[in-house]
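The structure appears below as C-alpha cells.
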Amino acid sequence: MVHVVYRFDMGGLENGVVNIINNMAVDKYRHVVVALTDITDFRNRIVRDDVMFYALNKLPGHAFWLYPELFRLFRKLRPAIVHTRNLAALEVLVPAWAAGVSVRIHGEHGRDVGDLDGNNRKYQWMRRIYAPFVSHYLALSRDLASYLTEKVHIAHRRVTQVYNGVDTVRFAPWQASGRPIIQGCPFVEASLWIVGTVGRMQTVKDQLMFTHAFLRALELAPELRVYARLALVGEGPLREQCMALMKSAEAEHLAWLPGERNDVADVMRGLDCFVLPSLAEGISNTILEAMACGLPVIATDVGGNADLVLHSITGYIVPAGDVDAIAHSLVKLATSPELALKMGRAGRQRVLEKFSLDAMVGTYQGLYDRLLGIGEGSVPLVPTNK
C-alpha cells in the first residue's frame, strides 16, 4: 500500500497516516509513504522497520512533470492500493491508474484558507476532473462527505465517512494530584490556569484571533490577569504576530510561545483548557487528543469540530472568528473549575466510546479489504526490496 501526501511533516493528516501504519496488523499490509515534496524527521514516529519512504522534491505547480517518475515508482512497487490525501496529492492517481494500480483511494481531510466554505468552484472542478481515476473516497467528517456528494457530485456509494482515532493510552489525563509542569514552560505555579492550543501557526488555524480572545477575556474578567496564562504551541508565520500582539497589550509575560514541540501529550496534560480557533478543519486530531487528556475544549463551528465537541457537555462550539464568543467561554471555564473538570471527564469518556484507534484502524482495514475483494488473511501488497 502506498500512502501519498504533499509533505510528510508534523500535522493532523500526517499523524493519521502514522497511526494507521503503526496500528494495522503487520501481516495484513505493508506500507510505503510517498511525499511529493519532502519528508522530515516526523518519519521517526513510524515504529515499523519495514516502511519505505520516497521524497520527490516537487517544485510549485502541477505535478505533471513528475508523472513519469511516479509511473516508474508504482510499476516498481506494484501496490494493490494507492491512497492519496487532500487536493494537493489527488493528481497522483493519474499515473497510479496508468501503472495499473487496481484500487485508488482519495481522502479528504479538511480545507485550507483558500476554500473555507467549500464553495471554491475551481477546486470543485479540479476534483471532478480527477474523479474517474478514483476508486473510492474517504471523508473525515460529515461536512466533507456532504461536500463530495453535493458540491463535487460524487455518488454516495463511492464515499465513506470515517473518523480519526486517538491513542487513549498515550493521550490520557494526569493521574497524580494537581497539574504536571510542562518542560520548559515558565508557568509552574499550581494556582495558575493555563489555556492553550497546539498546531501549525498559520492563517487557517487563526491563533491570532485566539490571542485577541484571550486578551478580551482579561478585559471581561480583570481578575484573570492574576492567574490565567496562554500557551500557543507550534511554529509558523502567526507566531511572531501573536507575540507582538501580547507585547502591545503589555501582556507578553502571560503568554508562552515555545515553537514546535514533539511532546504534545505532555503539553496537553499540562493545560487546563484547550482551544481550537480554526477557520477550517476536517476532523481535528488535536481536539481528540485534548479530549483524551481530559480537557474541556472550545472549538470553532467549522468542519467536523461539532462532530467531536458536544456543546455545553464536553466544551463549547463557537462561531469561527468570533473573539467575544471565545472570550466569554474562557471566562466561564476559568472561573468555574468544577464545570471545566466535569466537561473534561465527559470528553475523555466520549473519546473512549467513539474515537479509539482500534475503531479507526478497523474501519480503514475493512474498507481496504472490501475494495480489494478479500476476506481474512495475509495481504502482501508491496514486494520486499531485494
Side-chain angles (χ1 to χ4, degrees), residues 1-6 8-35 39 42-54 73-74 77-86 89 92-93 96 101-109 134-141 159-172 264-265 282-286 288-289 292 351-385:
M1 173 183 304
V2 176
H3 304 269
V4 183
V5 298
Y6 183 74
F8 199 60
D9 194 8
M10 183 174 291
L13 182 157
E14 297 81 4
N15 193 60
V17 175
V18 170
N19 285 334
I20 290 170
I21 293 175
N22 284 343
N23 291 279
M24 194 170 286
V26 175
D27 63 345
K28 268 287 187 180
Y29 293 91
R30 283 184 288 170
H31 304 267
V32 171
V33 175
V34 174
I39 292 173
F42 188 77
R43 64 182 288 176
N44 296 328
R45 294 202 178 186
I46 293 179
V47 298
R48 288 178 56 166
D49 60 7
D50 62 341
V51 178
M52 294 179 286
F53 297 86
Y54 293 88
L73 180 60
F74 292 141
L77 297 174
R78 291 185 290 115
I81 299 175
V82 169
H83 186 164
T84 59
R85 268 88 169 175
N86 276 354
V92 170
L93 294 181
V101 179
S102 60
V103 175
R104 302 171 303 277
I105 300 172
H106 180 65
E108 292 288 348
H109 288 244
V134 182
S135 305
H136 201 78
Y137 291 85
L138 282 174
L140 267 70
S141 69
V159 179
T160 297
Q161 195 255 307
V162 56
Y163 288 121
N164 278 342
V166 62
D167 185 341
T168 56
V169 175
R170 180 183 173 211
F171 290 92
V264 175
I283 285 292
S284 169
N285 279 308
T286 51
L288 291 175
E289 291 165 356
V351 166
L352 291 173
E353 292 174 356
K354 295 184 177 293
F355 302 107
S356 69
L357 275 183
D358 287 344
M360 179 192 73
V361 172
T363 300
Y364 274 92
Q365 184 168 307
L367 177 68
Y368 293 154
D369 290 352
R370 176 168 65 83
L371 292 175
L372 287 171
I374 63 173
E376 297 295 322
S378 172
V379 187
L381 293 181
V382 182
T384 304
N385 281 354

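As a basis for the values below, the full set of heavy atoms in this structure was taken, side chains included, without hydrogen atoms, waters or symmetry mates.
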Does the side chain to side chain contact (heavy atoms under 4.5 Å, CB included) test come out yes or no for Val2 and Val101, once each step is laid out? CA-CA 10 Å; Val2 176; Val101 179; over 6 Å; no
Test Tyr29 against Ile81 for side chain to side chain contact (heavy atoms under 4.5 Å, CB included), laying out the working first. CA-CA 10 Å; Tyr29 293 91; Ile81 299 175; 4.2 Å; yes
Are Ile21 and Val33 close enough, and set up right, to give a side chain to side chain contact (heavy atoms under 4.5 Å, CB included), and what steps lead you there? CA-CA 10 Å; Ile21 293 175; Val33 175; 3.8 Å; yes
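Considering only heavy atoms from C-beta on, Leu77 comes within 4.5 Å of Met52 through its side chain. Between Lys354 and Tyr163 there is no side-chain heavy-atom pair separated by less than 4.5 Å. A heavy-atom distance below 4.5 Å is found between the side chains of Val32 and Tyr54. Between Val34 and Val92 there is no side-chain heavy-atom pair separated by less than 4.5 Å. Taking the side chain as every heavy atom from C-beta outward, Thr84 and Arg104 never approach each other to under 4.5 Å. You'll find the side chain of Thr168 stays beyond 4.5 Å of the side chain of Phe355, heavy atoms only. Under the 4.5 Å side-chain criterion, counting only non-hydrogen atoms from C-beta, Asn15 is in contact with Glu289. Considering only heavy atoms from C-beta on, Leu357 stays 4.5 Å or farther from Arg170 through its side chain.
In this structure, CE in Met360 is found 5.0 Å from CG in Asn19, a value given to the nearest 0.5 Å. Atoms CD1 and CE, on Ile105 and Met1 in that order, are 6.5 Å from each other to the nearest 0.5 Å. Note that CD1 of Ile20 is 8.0 Å distant from CG of Asn164, once rounded to the nearest 0.5 Å. In this structure, CG on Asp369 lies 4.0 Å from CD1 on Ile374, to the nearest 0.5 angstrom. Rounding to the nearest 0.5 Å gives a distance of 11.0 Å between CD of Glu14 and CD1 of Ile46. Once rounded to the nearest 0.5 Å, the distance linking NZ of Lys28 with CD of Gln365 reads 5.0 Å.
Nearest heavy atom pair, residue Val82 against residue Ala96, reads CG2-CB, 4.1 Å. The minimum heavy-atom distance linking His136 with Val134 is given by the pair O-CG1, 3.2 Å. Counting all heavy atoms, side chain and backbone alike, Leu140 lies closest to Tyr364 at CD1-OH, 3.9 Å. The two residues Val351 and Leu288 have their closest heavy-atom pair at CG2-O, 3.9 Å. Taking both residues in full, the closest heavy atoms of Arg43 and Phe8 are given as CA-CE2, 3.7 Å, listed atom of the first, atom of the second, then distance. Nearest heavy atom pair, residue Pro79 against residue Phe74, reads CD-O, 3.4 Å.
With hydrogens and angles ignored, the 3.5 Å screen pairs a side-chain donor or acceptor of Asn22 with a backbone N or O of Arg45. No donor-acceptor pair under 3.5 Å is formed between the side chain of Ser141 and the backbone N or O of Ile283. A donor-acceptor pair is defined here as one N or O able to donate and one able to accept, closer than 3.5 Å; such a pair exists between the side chain of Thr363 and the backbone of Ala359.
In this structure, His83 and Tyr368 have perpendicular ring planes: the angle between them is above 60°, well past the 30° mark.
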